[in-house]
Asker: 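One structure coming up, written as structure tokens, with questions to follow.
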Amino acid sequence: MHTPQTTTNRRAAPRTWAGLVLLLIPALLVSMDISVLFVAAPAIAEALEPGATQWLWMMDVYGFVLAGLLVTMGSLGDRLGRRRLLLTGAVLFGAASALLAFAPSAELFIAGRALLGLAGATLAPSTLSLIRSMFTDPRQRGAAVGAWTIAFTGGAVAGPILGGLLLEFFWWGSAFLVNLPFMVLLVALAPFLVPESRDPGAAGFDLPGAGASLVAVLGLVYAAKRFAEHGIEFQGAAALLVGTVFLVLFAVRQRRAEHPLVDVALFTRPAFTAAVGSNAAVAFAAAGLGLLVFTFLQTVHGLSPLQAALWSMPVFVGTVLGAVLAGVASPRVRPGPLMAAGLLAGSAGFAVVGTVETDSPLAVLIVGYTVTTFGVGIVGTLANGLVLATAPPERAGAAAGVSETSTEFGSALGIAVLGTAATRIYRTAMEDGPSGAEGPAGETVAGAVAAAPGAEDPGALLDAAFTAYTAGVSTAALTGAAVLAVAALLVAAALRGLPPGAGGGPGGAAGGEVAAGPGAPAAGARAAADRDQAPRA
């Protein structure tokens with residue numbers, strides 16, 4: 001029998017912590033599958049021989065679909081049950097991974113990546129919203145959110161590392177097939193370790209709003225990609241117009257709908273808006289540069305996938321250290337200065353990467369990138385804590401969907417804009433390159449490496465290609481540094497009034513107290529509406 005429970009600030013049981021470990025698996029894999037292509041790209045391109053347009057969709061469609069559906073799926077989980085949606089997503093994620101691993105053509109690979117994005121959108125918001133319902137003690141919830149941040153944010157760094165290790169010994173499909181045992185483990189154990197939770201007052205689902213949000217996100221991301229690749233032109237302008245119109249329609253719909261997907265009033269609260277914006281900013285910079293860095297390691301420095309993975313290990317450690325520091329410092333330091341410091345650390349790291357030249361020691365690149373991920377760990381932990389503390393518990397799935405949409409939107413936008421801008425710089429520089437710089441060599445640095453053995457002057461071709469590609473990496477890094485520096489100023493201003501511990505970090509407020517103001521319901525009253533649907537032990 002399902003007995004309604006009132007959510008109180010009780011300490012988590014050992015089974016709850018075991019459930020957290022289980023929830024970290026999909027958080028890690030969903031994020032990791034954005035970046036796993038960074039290191040597997042050369043092998044996949046050689047095996048499937050995609051055209052230029054197909055290759056762009058192979059790289060981008062996962063992030064686009066994921067970002068476009070996160071809000072919808074988060075709200076759906078609030079209504080149908082977050083654990084139920086998690087298990088559905090696990091089955092879909094495993095099926096899509098198998099399709100990708102054995103895809104015989106570029107077309108099927110694109111279809112598999114789109115299905116993987118759909119599955120990821122059902123997994124990601126469920127994990128964070130379940131943590132919100134499982135951990136009611138503020139200090140323990142802060143630790144749980146920090147662990148989730150390490151998994152979700154660190155997954156983008158871990159993807160190329162794991163991919164490099166697998167590609168050293170197996171074929172490229174293993175980078176996707178490795179997801180299957182983890183999904184089996186999740187489906188088998190989640191019913192026993194993760195309690196079901198949902199919004200007990202949810203009645204309907206805003207299907208028109210879901211459609212509007214999907215079109216808005218896809219339109220805006222595609223417009224940014226077109227502008228970065230082709231400059232101002234009709235197709236990009238049309239996509240921008242469509243995306244903007246549907247974004248406005250979505251906002252209007254959410255204000256008027258009887259059962260909205262998102263409470264747009266949350267965006268009037270500086271803490272929520274600053275947290276969402278910070279997630280988008282760090283994801284934009286980190287994902288956009290990540291694609292370029294791993295190609296840089298394997299081409300300009302000639303590392304194997306395994307060597308590139310080993311060199312990148314400190315980068316993941318940087319994320320862990322940043323998350324740990326955020327958890328330790330949040331009870332004593334106001335979130336505004338602390339989050340701004342994380343953004344400035346990320347900016348400084350990108351600035352270091354921006355100084356790298358073709359003959360620079362690899363240590364310079366890795367140190368700069370590690371400083372960046374250190375800042376990302378700080379920002380991610382604080383931002384996710386603020387999002388959960390701002391939203392009512394019964395809408396945790398929708399709020400988590402908004403938070404992760406900002407992250408995935410930023411990631412997709414970063415890959416599209418920074419990646420495309422770097423490619424454009426490369427192609428422009430190679431137009432006046434030496435003999436052999438035409439064709440594939442003039443399109444990508446990997447093409448130049450492949451064409452070099454048959455070129456008239458291989459050394460000249462590679463020198464020109466490496467110099468051009470390094471210029472693109474530097475431009476992307478300096479752009480990321482500027483974005484994070486501006487974000488730091490905005491966040492410091494937006495969060496200047498919040499006290500230490502706000503956002504449910506260790507020792508901080510419980511979920512919902514940041515949102516409370518004059519006339520707002522108390523966090524405890526709102527929390528009482530959240531029902532744990534799991535059978536009592």
Side-chain angles (χ1 to χ4, degrees), residues 34 50-72 106 110 113-114 117 121 208-255 261-262 264 267 273 276-277 279-281 283-285 287-289 291-292 402 405-431 442-444 471-472 475-476 478-480 482-484 486-487 490:
I34 289 181
T53 301
Q54 288 178 322
W55 179 244
L56 291 175
W57 280 110
M58 290 167 70
M59 294 297 298
D60 294 337
V61 71
Y62 173 75
F64 287 179
V65 174
L66 185 63
L69 291 175
L70 275 167
V71 173
T72 297
I110 293 171
R113 289 289 284 177
S213 69
L214 176 62
V215 175
V217 171
L218 294 182
L220 294 174
V221 173
Y222 184 70
K225 183 176 179 59
R226 291 290 301 186
F227 288 149
E229 186 174 2
H230 303 286
I232 304 299
E233 44 88 61
F234 175 77
Q235 192 169 338
L240 177 62
L241 177 61
V242 170
T244 302
V245 168
F246 274 86
L247 181 63
V248 173
L249 291 175
F250 175 73
V252 172
R253 171 74 185 177
Q254 297 312 289
R255 286 188 175 276
L261 296 176
V262 177
V264 294
F267 286 96
T273 303
V276 169
N279 269 340
F284 173 89
L289 187 64
L291 171 62
L292 302 174
V402 171
T405 295
S406 69
T407 300
E408 303 305 334
F409 183 86
S411 296
L413 202 61
I415 292 173
V417 173
L418 298 185
T420 305
T423 299
R424 192 175 184 185
I425 290 171
Y426 176 87
R427 291 173 180 172
T428 300
M430 292 298 284
E431 287 176 358
E443 293 289 321
T444 65
T475 300
L478 294 176
T479 301
V483 168
L484 295 188
V486 171
L490 297 176

Asker: To check you understand the geometry: which heavy-atom pair defines the closest contact between Leu484 and Ala281, and what is its length?
Answerer: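 So the minimum-distance heavy-atom pair works out to CD2-O, 3.6 Å.
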
Asker: Return the CG to CZ distance between Leu241 and Phe234, rounded to the nearest 0.5 Å.
Answerer: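 Spacing of CG (Leu241) from CZ (Phe234) equals 9.5 Å.
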
Asker: Please find the pair of heavy atoms, one from Val61 and one from Ile110, that lie closest to each other, and give the distance.
Answerer: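 That would be CG1-O, 3.8 Å.
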
Asker: CZ/Phe246 to CG/Leu220 distance, rounded to the nearest 0.5 angstrom?
Answerer: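 Going from the CZ atom of Phe246 to the CG atom of Leu220 covers 11.5 Å.
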
Asker: Return the minimal non-hydrogen interatomic distance between Tyr62 and Gly117, and the atom names on each side.
Answerer: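 Reported closest heavy-atom pair: CD1-N, 3.3 Å.
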
Asker: Heavy atoms only: give me the nearest Ala223-Leu240 pair and the separation to one decimal.
Answerer: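 Looks like CB-N, 3.4 Å.
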
Asker: Which distance, rounded to the nearest 0.5 Å, do you find between the OG1 of Thr475 and the CG of Leu292?
Answerer: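 Between atom OG1 of Thr475 and atom CG of Leu292 there are 10.0 Å.
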
